[in-house]
Amino acid sequence: MRLATHFGVNGNDISKTIEYCHALDIKYICSGYLPDDLLGFKEQFAKEGIILSMIEIGWLREDMLFGDAPKKDELKSFFDKVRVIGEAGIEMAHIFAALKSSDSNDWKGIVKFYTELSQYAEKYHVKIASHVGWTSQHIIRDRVTIKRLLDDVPSPYIGVNMCLGCLQIAAPDDITKDIDITLKTFGERLFLIHSRDIKVEEGDKWIDVAMGQGEINLALFIDALYRSKLDPIILPEHMPKVSDEKHNEVSAAYAIGYMKGMIKQREWM
């Protein structure tokens with residue numbers, strides 16, 4: 001399985017990040033930072049056997065897509081970033097699509113945007129992993145609504161980031177008793193997984209906890225993912241803070257170690 005970590009988890013020092021990846025035997029890295037020289041940035045990792053596999057390209061907002069006057073200049077920035085990412089030979093772009101609406105017509109705006117985005121994604125060979133919402137108020141939030149998007153925008157380059165925490169809040173059955181159905185529904189368009197653990201409190205409230213201390217059955221999920229034979233990037237996310245000046249890299253190391261243990265256990269089985 002392709003387990004990854006974030007660039008920046010221990011600061012924006014590339015050499016320290018490379019040392020961190022080597023220490024934890026991580027071969028893939030994802031970045032929320034888009035440098036001017038993206039190809040050069042990518043090559044610094046490549047020389048050390050680390051693949052820069054994903055770049056985050058931002059959040060979609062309702063005022064960009066809905067209503068009579070969409071913000072075309074802001075939407076164009078997504079298309080431009082996909083071009084830059086593709087020209088650098090990076091596999092994936094990640095976009096946040098936690099959109100809310102009470103108007104059924106707004107779905108047309110979503111489909112229109114993703115259809116246009118797919119043209120850039122196909123031209124530059126960049127997979128688009130969409131991070132969905134986590135409440136019943138979000139338009140795209142669970143297996144059913146994600147499938148609707150994938151059906152309405154059939155490009156193989158438009159896919160999903162399956163955030164386990166968000167699904168646990170919005171549709172827990174999608175990653176428990178129906179996990180095989182969920183993985184089959186997403187199929188080869190499951191590009192990215194945010195692995196995390198949470199405890200859901202009243203309503204849509206939750207707290208992030210260390211992996212293995214919450215409600216998400218990661219062993220069940222890893223087993224189902226192996227059976228599916230899919231190969232998304234798996235990126236630990238939303239780690240709880242620990243009491244240390246290097247809290248990000250410590251909590252990330254814990255999460256990576258936990259996931260590695262789960263994966264190794266499944267391989268031995």
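Fair warning: this is a prediction, and the values are worked out from it, not measured in the lab.
- Phe66 places none of its side-chain heavy atoms less than 4.5 Å from the side chain of Asp103.
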* To do: Take Ile95 and Leu60, measure what side-chain contact (heavy atoms from CB on, under 4.5 Å) needs, and give me the verdict at the end.
  => CA-CA 7 Å; Ile95 190 169; Leu60 287 173; 3.7 Å; yes
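- For Lys42 (side chain) and Ala88 (main-chain N/O), a donor-acceptor pair under 3.5 Å exists by modelled atom type.
- For the side chain to side chain donor-acceptor pair (under 3.5 Å) test, residues two or more places apart in sequence or in another chain that qualify with Ser155 are Glu122.
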* Asked: Hey, mind stepping through Thr185 and Leu190 against side-chain contact (heavy atoms from CB on, under 4.5 Å) and telling me if it holds?
  -> CA-CA 9 Å; Thr185 298; Leu190 176 58; over 6 Å; no
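- Annotation: Tyr28 is not in aromatic contact with Phe45 [ring centroid separation under 6.0 Å not met].
- Salt-bridge check for Lys27 with Asp25: passed, with a basic side-chain N closer than 4.0 Å to an acidic carboxylate O.
- At most 12 non-hydrogen atoms from other residues, nucleotides or ligands lie less than 6.0 angstrom from CG of Asp36.
- The 12-atom threshold is exceeded at NZ of Lys260, counting heavy atoms of other residues, nucleotides or ligands nearer than 6.0 Å.
- Both Ile14 and Tyr20 are members of a single hydrophobic cluster when ILVMFWY side chains are connected at heavy-atom separations under 4.5 Å.
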* Carefully, step by step, assess Ile222 and Ile263 under the rule side-chain contact (heavy atoms from CB on, under 4.5 Å). => CA-CA 7 Å; Ile222 291 295; Ile263 291 168; 4.3 Å; yes
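- Across all non-hydrogen atoms, the minimal contact from Ala224 to Asp180 is CB-OD1, 3.9 Å.
- Within the 4.5 Å cutoff, the side chain of Val132 has no heavy atoms near those of the His138 side chain.
- Side chain to side chain, Asp142 and Thr145 meet the donor-acceptor criterion of an N or O pair below 3.5 Å.
- Taking the six-membered ring where tryptophan is involved, the planes of His131 and Trp134 are perpendicular, since the angle between them exceeds 60° and thus also 30°.
- Grouping the Ile, Leu, Val, Met, Phe, Trp and Tyr side chains by contacts below 4.5 angstrom, directly or via other members, places Ile256 with Ile18.
- A heavy-atom distance below 4.5 Å is found between the side chains of Ile139 and Trp107.
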* Dump the intermediate steps for salt bridge (charged side-chain N to carboxylate O under 4.0 Å, His left out) on Lys127 and Glu91, then the final yes or no. => CA-CA 6 Å; Lys127 297 176 181 176; Glu91 174 185 356; 3.2 Å; yes
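- Between Met211 and Ser195, some side-chain heavy-atom pair lies under the 4.5 Å cut-off.
- Under the 4.5 Å side-chain heavy-atom criterion for grouping Ile, Leu, Val, Met, Phe, Trp and Tyr, Ile233 is not connected to Ile193 through any hydrophobic cluster.
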* To do: Decide side-chain contact (heavy atoms from CB on, under 4.5 Å) for Ile175 and Gln168; before the verdict, give the C-alpha distance in whole Å, the side-chain angles of both, and the deciding distance to 0.1 Å.
  => CA-CA 7 Å; Ile175 56 169; Gln168 182 67 26; 3.4 Å; yes
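- Counting heavy atoms from C-beta outward, Ile198 and His238 have side chains that stay 4.5 Å or more apart.
- With respect to Lys16 and Glu19, no salt bridge is recorded, no charged nitrogen being found less than 4.0 Å from a carboxylate O.
- His94 and Phe96 have perpendicular rings, their planes meeting at more than 60° on a 0 to 90° scale where under 30° would count as parallel.
- With rounding to the nearest 0.5 Å, the separation of CG in Asp152 from NZ in Lys147 is 9.5 Å.
- A heavy-atom distance below 4.5 Å is not found between the side chains of Arg143 and Lys184.
- Cluster membership for Met54 and Val9, using ILVMFWY side-chain heavy atoms within less than 4.5 angstrom, is not shared.
- Below 30°, between 30° and 60°, or above 60°: for Phe113 and Phe79 the angle between ring planes is below 30°, a parallel geometry.
- Using a cut-off of 4.0 Å between Lys/Arg side-chain N and Asp/Glu carboxylate O, Arg83 and Glu87 are scored as salt-bridged.
- Leu38 is listed as a side-chain neighbour of Ile85, based on a closest heavy-atom distance under 4.5 Å.
- Scanning all heavy atoms of the two residues, the minimum distance from Leu218 to Arg196 falls at CD2-O, 4.2 Å.
- The shortest non-hydrogen separation linking Phe7 to Tyr33 is CE2-CD2, 3.7 Å.
- Closest approach of Thr135 and Arg141 over heavy atoms only: O-CD, 3.1 Å.
- In the hydrophobic clustering of this structure, Tyr120 groups with Ile128; members are Ile, Leu, Val, Met, Phe, Trp, Tyr whose side-chain heavy atoms approach within less than 4.5 Å, directly or through other members.
- For the residue pair Phe221 and Leu183, the shortest heavy atom distance occurs at CE1-CD2, 4.4 Å.
- Across all their heavy atoms, Leu167 and Asp174 have their closest contact at CD2-OD2, 3.9 Å.
- Contact annotation: the side chain of Asp208 never approaches that of Met239 to less than 4.5 Å [non-hydrogen atoms, C-beta and beyond].
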